[in-house]
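Below is one structure, written out as structure tokens; comments come after it.
A, B, ... follow the sequence lines: proteins, then strands. Residue 1 opens every chain.
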2 protein chains.
Amino acid sequence: METLRTRTKPPETFAECTRAAVPMIQVLGRISGKWSLYIIMALLRGPMRFSELQRHVEGISQKMLTQTLRELEEDGIVHRTVTPIIPPRVDYELSAMGRELQAPLAAISDWTVRNGERVADARERYAARRNAA
Amino acid sequence: METLRTRTKPPETFAECTRAAVPMIQVLGRISGKWSLYIIMALLRGPMRFSELQRHVEGISQKMLTQTLRELEEDGIVHRTVTPIIPPRVDYELSAMGRELQAPLAAISDWTVRNGERVADARERYAARRNAA
DNA sequence: CAGAATCCTAGCTGATACTG
DNA sequence: CAGTATCAGCTAGGATTCTG
């Protein structure tokens with residue numbers, strides 16, 4: 001399948017673009033939910049219980065933590081282990097696939113670090129132009 | 001500033017995680033809008049006029065094309081050139097910063113290609129488990 | 001402890017109509 | 001051609017309450 005694989009030339013046809021973009025957008029949609037990245041980054045440090053995650057991911061509601069974890073679990077990025085004791089204990093950890101996300105995320109992170117200032121400048125200039133008009 | 005730069009060890013403290021994640025999430029939020037990636041990928045092939053973009057990005061409404069282009073322009077990822085003739089001509093092209101997104105996006109794309117099947121399997125198993133319950 | 005269920009609102013999005 | 005303006009539907013997300 002033709003994709004956006006590392007190479008010098010971008011996709012040529014629209015069909016190529018679409019086939020390359022659709023799964024990427026699905027994944028980005030998942031990992032760019034408001035909280036997914038925070039959870040993944042917390043779990044990169046190691047397995048964690050539900051309540052630990054809630055403490056580590058500042059500001060997340062119980063609903064969104066549950067919901068986001070379910071989505072990540074559904075995609076096989078996060079593993080969920082229930083220990084049926086009272087009170088219940090549930091541990092979350094990244095799957096191998098989830099840990100492999102670190103490199104791609106680092107690539108995006110690097111881009112944001114390299115370009116953060118340029119983005120900020122661009123926004124200022126954009127705002128200035130808007131005000132001039 | 002401490003970030004998620006390419007390295008073997010993930011961020012250690014929550015503060016590190018947050019500082020690394022916040023700008024990344026902003027960027028992902030931008031580029032993972034429903035249409036941004038399609039537009040960026042179309043423009044990776046070269047500059048394009050508004051109407052060309054609309055033809056290349058199948059299904060996008062005129063409103064969302066305008067809106068998404070404005071956001072990408074605001075961030076300095078896309079450059080907009082107006083030629084004041086009648087009828088008006090407006091060309092869009094990726095900035096240097098925008099073109100640099102290709103490598104990070106390729107990294108994510110590679111992940112999706114490598115793991116697409118595993119994600120699909122995980123979803124099936126998840127659905128099967130849900131039905132069993 | 002780890003959630004499920006409910007209610008509610010802001011904002012994204014599409015469809016449509018109009019303009020320099 | 002390349003937009004702007006307006007309206008309406010949907011849903012992501014937060015706050016709150018309840019439970020095994």
Side-chain angles (χ1 to χ4, degrees), chain A residues 21-22 25-39 42-43 47-75 78-93 126 129-133, chain B residues 21-22 25-39 42-43 47-75 78-93 126 129-133:
Chain A
V22 166
I25 282 169
Q26 287 180 350
V27 169
L28 283 175
R30 268 294 153 83
I31 67 180
S32 75
K34 189 169 176 183
W35 299 107
S36 308
L37 227 37
Y38 290 105
I39 293 175
L43 289 178
M48 226 173 273
R49 298 184 58 173
F50 187 87
S51 49
E52 289 181 277
L53 273 170
Q54 195 158 21
R55 274 194 301 278
H56 275 76
V57 182
E58 202 174 355
I60 194 171
S61 66
Q62 175 264 334
K63 175 187 170 182
M64 289 317 295
L65 181 54
T66 301
Q67 187 175 308
T68 309
L69 282 169
R70 288 289 181 283
E71 291 170 1
L72 294 173
E73 188 196 357
E74 184 177 358
D75 284 351
V78 159
H79 282 158
R80 179 170 178 268
T81 313
V82 181
T83 310
I85 56 177
I86 295 182
R89 177 194 177 99
V90 182
D91 289 275
Y92 292 93
E93 62 180 328
Y126 186 87
R129 259 180 292 151
R130 301 286 301 186
N131 289 340
Chain B
V22 166
I25 281 169
Q26 286 179 350
V27 169
L28 283 175
R30 269 292 153 84
I31 66 180
S32 76
K34 190 170 176 183
W35 299 107
S36 308
L37 269 184
Y38 292 105
I39 294 175
L43 289 178
M48 228 172 271
R49 298 184 58 174
F50 186 87
S51 49
E52 291 181 277
L53 273 170
Q54 195 159 21
R55 274 194 302 277
H56 276 77
V57 182
E58 202 175 355
I60 194 170
S61 67
Q62 178 264 353
K63 174 187 169 183
M64 289 316 295
L65 180 55
T66 302
Q67 187 175 307
T68 308
L69 282 169
R70 288 290 181 282
E71 291 171 1
L72 294 173
E73 189 197 356
E74 183 177 359
D75 284 350
V78 160
H79 281 158
R80 179 170 178 269
T81 313
V82 181
T83 309
I85 57 179
I86 295 179
R89 177 194 177 98
V90 182
D91 289 275
Y92 293 92
E93 61 180 328
Y126 186 87
R129 259 179 294 152
R130 301 287 298 187
N131 289 341

| message | Measuring from the side chain of Arg49(A) (C-beta onward, heavy atoms only), which nucleotide among dG3(D), dA2(C), dC1(D) has the closest atom? | response | dA2(C)

| Atom CD of Gln67(A) to atom P of dA2(C): distance rounded to whole Å? | 19 Å

| query | Out of dG14(D), dG3(C), dC1(C), which nucleotide sits closest to the side chain of Pro87(A)? | reply | dC1(C)

| said: Side chain of Met64(A), heavy atoms from C-beta onward: which of dG14(D), dG3(D), dA2(C) has the nearest atom to it? | reply: dG14(D)

| Shortest side-chain distance from Ser51(B), nucleotide among dC1(D), dA2(C), dA4(C) | dC1(D)

| task | Determine: side-chain N/O of Tyr92(A) to OP1/OP2 of dG3(C), distance under 4.0 Å, yes or no. | result | yes

| field | Along DNA chain D (nearest heavy atom to each residue), the more 5'-positioned of Gln62(B) and Ser61(A) | value | Gln62(B)

| Under 6.0 Å from the CD1 atom of Ile86(A), do we count more than 12 heavy atoms belonging to anything else shown? | no

| field | Heavy-atom pair of closest approach, residues Pro88(A) and Arg49(A) | value | O-NH2, 3.7 Å

| field | Length of the CZ-C1' vector between Arg89(A) and dG3(C), whole Å | value | 16 Å

| query | Out of dT6(D), dA2(D), dG20(D), which has the shortest distance to the side chain of Pro88(A)? | reply | dG20(D)

| field | Distance, rounded to the nearest Å, where Leu69(A) contributes CG and dA4(C) contributes P | value | 11 Å

| task | Could you grab the distance from atom CD of Gln67(A) to atom CZ of Arg70(A), nearest 0.5 Å is fine? | result | 10.0 Å

| field | Length of the CD1-C1' vector between Ile39(A) and dA2(C), whole Å | value | 14 Å

| remark: Taken to the nearest whole Å, CD/Glu73(A) to P/dA2(C) is 15 Å

| task | Measure from CZ on Phe50(A) to C1' on dA2(C) and round the result to the nearest Å. | result | 6 Å

| Minimum heavy-atom separation for Met48(B) to Leu43(B), with atom names? | CB-CD2, 3.9 Å

| said: Check this one for me: any side-chain N or O of Arg70(B) less than 4.0 Å away from OP1 or OP2 of dA2(D)? | reply: no

| request: Figure out the CG/P separation between Leu65(B) and dG3(D), and round it to whole Å. | output: 8 Å

| query | Which whole-number value in Å describes the distance from Leu53(B) CG to dA2(D) P? | reply | 10 Å

| note | Rounding to 0.5 Å, atoms OG1 (Thr68(A)) and OH (Tyr38(A)) come to a distance of 12.5 Å

| query | Choosing from dT4(D), dT6(C), dA2(C), which nucleotide comes nearest the side chain of Lys63(A)? | reply | dT6(C)

